[in-house]
K.L.:
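Mind having a look at this structure? Questions to follow.
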Amino acid sequence: MRELAPGLWQLRGFPPHAINVYLAGNVLIDAGARWSRGRIMKQLAGRSISMVALTHCHPDHQGAAHALCERFQVPLACHAADRPAMDGSGPMLPDSPMMQLSMRLFAGPPHRVDRLLGEGDEVAGFRVIHAPGHTPGHVIFFRESDRVAIAGDVLNGMNLLTTMPGLHEPPWFFSADPAENRRSIRRLADLRPALVCFGHGPPWRDLATLQEFVDRLEASAATVQPGLSSTT
């Protein structure tokens with residue numbers, strides 16, 4: 001487990017940075033894939049966990065949530081718009097063949113949502129910011145004091161195929177509304193974060209490059225379409 005900022009740790013994963021899980025104080029942010037449960041539990045041994053909070057409900061972020069909540073007897077939190085996907089009363093979005101494949105590979109069982117996260121709520125010293133698009137209930141956790149953002153999949157900090165670091169929009173076929181997600185990318189940039197902790201990719205501390213990336217997205221006349229990818 002690596003400390004990225006005061007009171008914020010990134011858990012070890014394999015491959016490194018491929019599917020990130022964070023510990024903010026005593027709150028676990030995201031829960032990896034279902035086969036991540038053993039690695040996560042081993043790293044949390046001896047720690048007191050008060051809650052599991054999701055940036056969004058996709059298979060590689062909720063996979064071990066049920067097992068971890070049961071093991072530590074703690075509540076699960078996510079945004080209201082992602083609640084149906086988490087508790088099994090609705091599909092994970094987008095409801096597509098690629099999502100169905102991802103669910104078979106990564107997803108864990110449904111679990112009740114004990115706390116609904118909304119704009120401006122506080123979790124472990126971080127402010128909840130609704131940043132929809134990738135999923136309807138995607139959120140960013142942002143700490144004003146040192147401008148740290150736990151950004152989930154609003155952006156990826158690596159190429160998902162090569163694992164090379166770099167800024168990328170999430171693949172269109174995994175985003176419920178790619179155009180709305182672009183607006184959430186702008187919202188992330190407008191926070192002027194000193195550190196961005198992605199769901200996929202290493203920690204990002206280059207604000208200038210982030211701003212340039214977002215400016216290029218907005219200046220581009222291209223529409224979101226299959227195969228679209230933007231990199232640094």
Side-chain angles (χ1 to χ4, degrees), residues 1 10-23 27-44 49 51-72 74 76-79 81-113 117 131-141 150-164 168-178 181 197-202 229:
M1 195 179 300
Q10 179 185 3
L11 276 67
R12 294 187 307 277
F14 184 81
H17 310 302
I19 300 178
N20 292 325
V21 177
Y22 300 98
L23 183 65
V27 175
L28 194 71
I29 306 292
D30 287 336
R34 64 172 178 267
W35 37 261
S36 305
R37 56 182 291 185
R39 184 183 300 116
I40 294 172
M41 287 182 181
K42 183 177 180 180
Q43 293 177 74
L44 295 178
I49 305 301
M51 185 167 64
V52 175
L54 302 182
T55 58
H56 64 292
C57 186
H58 268 177
D60 53 339
H61 293 259
Q62 64 78 252
H66 172 75
L68 292 165
C69 288
E70 292 293 304
R71 165 64 178 81
F72 292 102
V74 295
L76 177 66
C78 72
H79 191 275
D82 275 15
R83 180 179 189 170
M86 187 62 241
D87 68 15
S89 62
M92 293 190 195
L93 298 175
D95 190 10
S96 64
M98 286 298 292
M99 182 59 68
Q100 295 298 322
L101 175 61
S102 181
M103 289 181 67
R104 287 195 292 272
L105 294 174
F106 302 119
H111 190 85
R112 71 183 181 278
V113 177
L117 301 176
H134 188 57
T135 69
H138 194 294
V139 300
I140 295 167
F141 297 99
I150 304 173
D153 287 3
V154 170
L155 275 177
N156 292 334
M158 64 188 290
N159 183 302
L160 298 182
L161 294 178
T162 68
T163 73
M164 291 294 294
H168 298 256
E169 294 182 88
W172 65 270
F173 45 79
F174 282 131
S175 286
D177 187 337
N181 189 68
C197 302
F198 296 112
H200 310 283
S229 175

K.L.:
Spell out, as yes or no, whether a donor-acceptor pair under 3.5 Å connects the side chain of Tyr22 to the backbone of Phe198.
P.N.:
yes

K.L.:
Measuring only between side-chain heavy atoms, which start at C-beta, is Cys78 closer than 4.5 Å to Val139?
P.N.:
no

K.L.:
Could you tell me whether the side chain of Ser175 and the main chain of Asp177 form a donor-acceptor pair under 3.5 Å?
P.N.:
no

K.L.:
Can you tell me if Asp30 and Gln62 form a side-chain donor-acceptor pair at under 3.5 Å?
P.N.:
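On atom types as modelled, these side chains do not qualify, holding no pair under 3.5 Å.
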
K.L.:
Using the ring centroid of each side chain, check whether His56 and His61 are separated by less than 6.0 Å.
P.N.:
yes

K.L.:
Just wondering, do Leu76 and Met86 contact through their side chains at under 4.5 Å, heavy atoms?
P.N.:
yes

K.L.:
Closest approach of Asp82 and Cys57, non-hydrogen atoms and distance?
P.N.:
OD2-N, 2.9 Å

K.L.:
Are Ile49 and Val27 packed together at the side-chain level, in the sense that at least one heavy-atom pair is separated by less than 4.5 angstrom?
P.N.:
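They are not in contact (no side-chain heavy atoms under 4.5 Å apart), so the answer is no.
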
K.L.:
Write down the atom of Phe174, the atom of His134, and the distance for their closest heavy-atom approach.
P.N.:
O-CE1, 3.3 Å

K.L.:
Leu44 and side chain to side chain contact (heavy atoms under 4.5 Å, CB included): which partner among Arg71, Met1, Arg39?
P.N.:
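One option only clears the test, and that one is Met1.
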
K.L.:
How many angstroms lie between OG in Ser102 and CZ in Phe173, if you round to the nearest 0.5 Å?
P.N.:
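Reported to 0.5 Å precision, the distance equals 10.0 Å.
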
K.L.:
Taking all heavy atoms of Gly32 and all of Ile19, pick out the closest pair and write down the distance.
P.N.:
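Answer, listing the atom of Gly32 first, then Ile19: CA-CG2, 3.8 Å.
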
K.L.:
Considering non-hydrogen atoms only, spot the tightest contact between Ala31 and Leu54 and give its length.
P.N.:
N-CD2, 4.3 Å

K.L.:
Tell me the closest heavy-atom pair linking Gly88 and Pro110, and the distance in Å.
P.N.:
N-CB, 3.8 Å

K.L.:
Using the side-chain hydrogen bond (donor to acceptor under 3.5 Å, both in side chains) rule, take Asn20 and Gln10 through it: C-alpha gap first, then chi angles, then the decisive distance, then the call.
P.N.:
CA-CA 7 Å; Asn20 292 325; Gln10 179 185 3; 2.9 Å; yes

K.L.:
Is Gln43 reaching over with its side chain to a backbone N or O of Arg12, donor-acceptor style, under 3.5 angstrom?
P.N.:
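Flag set: sc Gln43 to bb Arg12 pair under 3.5 Å.
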
K.L.:
First locate atom CG of Asp153, then atom OG1 of Thr135, and finally report the distance between them rounded to the nearest 0.5 Å.
P.N.:
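Here the rounded value is 9.0 Å.
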
K.L.:
Given the rule in the side chain to side chain contact (heavy atoms under 4.5 Å, CB included) test, do Ile29 and Leu23 qualify, once you have shown the distances and angles that lead to the verdict?
P.N.:
CA-CA 6 Å; Ile29 306 292; Leu23 183 65; over 6 Å; no

K.L.:
Show the numbers, then the answer: is there a side chain to side chain contact (heavy atoms under 4.5 Å, CB included) between Thr163 and His17?
P.N.:
CA-CA 8 Å; Thr163 73; His17 310 302; over 6 Å; no

K.L.:
Report yes if some heavy atom in the side chain of Ile40 is under 4.5 Å from a heavy atom in the side chain of Leu68; otherwise report no.
P.N.:
yes

K.L.:
Which atom names give the shortest non-hydrogen contact between Pro202 and Gly157, and what distance separates them?
P.N.:
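For Pro202 and Gly157, the tightest heavy-atom pair comes out as CD-O, 3.6 Å.
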
K.L.:
So, taking the atom named CG in Leu161 and the one named NE2 in His168, what distance separates them when rounded to the nearest 0.5 Å?
P.N.:
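Going from the CG atom of Leu161 to the NE2 atom of His168 covers 9.5 Å.
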
K.L.:
Asp87 side chain to Ser89 main-chain N or O, any donor-acceptor pair under 3.5 Å?
P.N.:
yes

K.L.:
For side chain to side chain contact (heavy atoms under 4.5 Å, CB included), just list the numbers for Phe141 and Thr55, CA-CA rounded to whole Å, side-chain angles, deciding distance to a tenth of an Å, and then say yes or no.
P.N.:
CA-CA 8 Å; Phe141 297 99; Thr55 58; 3.8 Å; yes

K.L.:
With sequence neighbours left out, what residues match Asn181 under side chain to side chain donor-acceptor pair (under 3.5 Å)?
P.N.:
none

K.L.:
Keeping Arg34 on the side-chain end and Ala107 on the backbone end, is there a donor-acceptor pair under 3.5 Å?
P.N.:
yes

K.L.:
Taking atom CE of Met164 as the centre, report whether more than 12 heavy atoms of other residues, nucleotides or ligands fall under 6.0 Å from it.
P.N.:
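Atom CE in Met164 is not packed in, count stays at 12 or less.
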
K.L.:
Output, in order, the C-alpha distance, side-chain angles, deciding distance and verdict of side chain to side chain contact (heavy atoms under 4.5 Å, CB included) for Leu93 and Met99.
P.N.:
CA-CA 7 Å; Leu93 298 175; Met99 182 59 68; over 6 Å; no

K.L.:
If we count only N and O atoms by modelled type, under 3.5 Å, do the side chains of His200 and Asp60 hold a donor and an acceptor together?
P.N.:
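There is such a pair between these side chains.
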
